[in-house]
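We count ligands from 1, going down the list as the structure has it; atoms in each ligand are counted the same way.
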Amino acid sequence: MEKDVYILAIESSCDETAAAVVKNGRDVCSNVIHSQIALHTEYGGVVPEIASRKHIEKINQVIERALTDAEKELIDMDAVAVTYGPGLVGALLVGVSAAKAISFASGIPLVGVHHIEGHISANYIENKELKPPFICLVVSGGHSHLVMVKDYGEYEIIGRTRDDAAGEAFDKVARAIGLGYPGGPKIDRISREGNPQAIYFPRAKVGNSEYDFSFSGLKSAVLNYLNSCKMKGEEIKTADVAASFQSAVIDVLVEHSMEALKNYSCRTFAIAGGVASNSSLRNAFEKACRREGIDFFHPSPVYCTDNAAMIGTAAYYEYCKGVRHGFDLNAIPNLKLGEKYTGDSFK
Ligand code: KG4
Ligand code: ZN
């Protein structure tokens, strides 16, 4: 029988300080998340400098707690994994420095992980039967990508946003209709009381690229609608605006994803990222996939938003391929999916 592989994973790319222990890639032994949402709420969004400072304050506690919850010690770990991009550079540096320090002091190998690769891999945690190839829609605060997952760690981006990410659109529209930060969950909640057909907002097509997205026009359409209501002295029904906006975003995401599945003759589909926890979006995909006979996978909400368990899962498959990083591993804020660290000690 093969020896179990335990990975201590660290995530600090944005406003969550997180650590987890993951066994054999798919068993989460612990998953500790310290969210900074309350801290950033008064500014209406993430303040990078404040995020970095809070990560520094919390990182050791969160790591210790992850080991304690898993009833493990550092010497039980086979690797220490960390998100090294993309994300806020100051925030990423905290996790990368902590992971390097642990690796240096304990001699445990270091494995750097791409944040989006982590989001995609979150699907493996609760869906033990899911294996590549499949198409994954990654919709988070910073990214909207339609990705062909060819194999573990092998990706082809088949569609991307030309402007705002889906989560960014949720956050901006939420601010405009007075719901505040973080916008996604608030729009999700209030939309349940609204009529998604109350106002027609545009479903953008992007030139000749059938899988790309554009959400900035939709955001402007919502702002124009709000201004015109104010000018005419008409009442703004917040729940209707939220539901109508949300349904425009979902329509486009579903349409493009189903088109890609058809054209790539792919029968397996997954969603990932913070926006993937949206209840209407999950229902819409559930329905569309059932209609087309596609196997549909999604992580639980806690594994959709930023967490370290997903980083441990992604790291496991890299670790098994022999990927190890050296102490020259650095934070790369604009790291592209599929791009690997090319430092001297990359193996
Ligand atoms: O994946 P994530 O935690 O961080 C990034 O990597 O960006 O995603 C955060 C984004 C935010 O824009 C947030 O508003 C959005 O995910 N989000 C949601 C929901 N929960 C979080 N959007 C729509 N509906 C939700 N329930
Ligand atoms: Zn994320």
> Taking atom types as modelled, is there a side-chain donor on E16 or N307 under 3.5 Å from an acceptor on the other?
Replying inline: no

> Where is the nearest protein heavy atom to atom 7 (O) of ligand 1: which residue, which atom, and how far?
Replying inline: G141 N, 2.8 Å

>> Which atom name does D306 have for its N/O/S atom nearest to the Zn ion (ligand 2)?
In response: OD1

> Judged by modelled atom types alone, do S216 and D164 share a side-chain donor-acceptor pair under 3.5 Å?
Replying inline: no

> Relative to each other, are the rings of Y317 and Y152 parallel, tilted or perpendicular (30° and 60° limits)?
Replying inline: parallel

> Going by atom types only, do S257 and E255 share a side-chain donor-acceptor pair under 3.5 Å?
Replying inline: no

> Should one rank D171, V46, V249 by closest heavy-atom distance to atom 11 (C) of ligand 1, which comes out on top?
Replying inline: D171

>> Under 3.5 Å between any N/O of G167 and any N/O of ligand 1: does that happen in this structure?
In response: yes

> Can you tell me which residue and heavy atom of the protein come closest to atom 6 (O) of ligand 1, and the distance to 0.1 Å?
Replying inline: H115 NE2, 3.1 Å

> Are any of the side-chain heavy atoms of V80 and I10 separated by less than 4.5 Å?
Replying inline: yes

>> For a quick check under 3.5 Å, do T268 and D295 share a side-chain donor-acceptor pair by atom type?
In response: no

>> Counting non-hydrogen protein atoms only, what is the nearest one to atom 22 (N) of ligand 1? Give residue, atom name and distance.
In response: G184 CA, 3.2 Å

> Do the rings of F213 and H256 sit parallel, tilted or perpendicular, given the 30° and 60° boundaries?
Replying inline: parallel

> Does a donor on one side chain and an acceptor on the other come within less than 3.5 Å for R192 and S279?
Replying inline: yes

> Is there at least one pair of N or O atoms, one from D306 and one from ligand 1, spaced under 3.5 Å apart?
Replying inline: yes

> Does ligand 1 have an atom under 4.0 Å from some heavy atom of H143?
Replying inline: no

>> Does the plane of the ring in Y211 sit parallel, tilted or perpendicular to the ring in Y264? Use 30° and 60° as the thresholds.
In response: tilted

> Does ligand 1 have an atom under 4.0 Å from some heavy atom of S277?
Replying inline: yes

>> I'd like the name of whichever of G274, G87, P182 reaches closest to atom 21 (C) of ligand 1 through any heavy atom.
In response: G274

>> In this structure, does ligand 1 have an atom that sits under 4.0 Å from one of the heavy atoms of Q246?
In response: no

> Where on T305 is there a heavy atom closer than 4.0 Å to ligand 1, on the side chain, on the backbone, on both, or on neither?
Replying inline: both

> Nearest non-hydrogen atom to atom 15 (C) of ligand 1 belongs to which of V275, D15, N307?
Replying inline: V275

> Do H55 and S12 have a side chain donor and acceptor closer than 3.5 Å?
Replying inline: no

> What protein heavy atom sits nearest atom 26 (N) of ligand 1, and how far off is it?
Replying inline: D188 OD2, 2.9 Å

> With the Zn ion (ligand 2) at the apex, how many degrees lie between NE2 of H119 and NE2 of H115, rounded to 10 degrees?
Replying inline: 100°

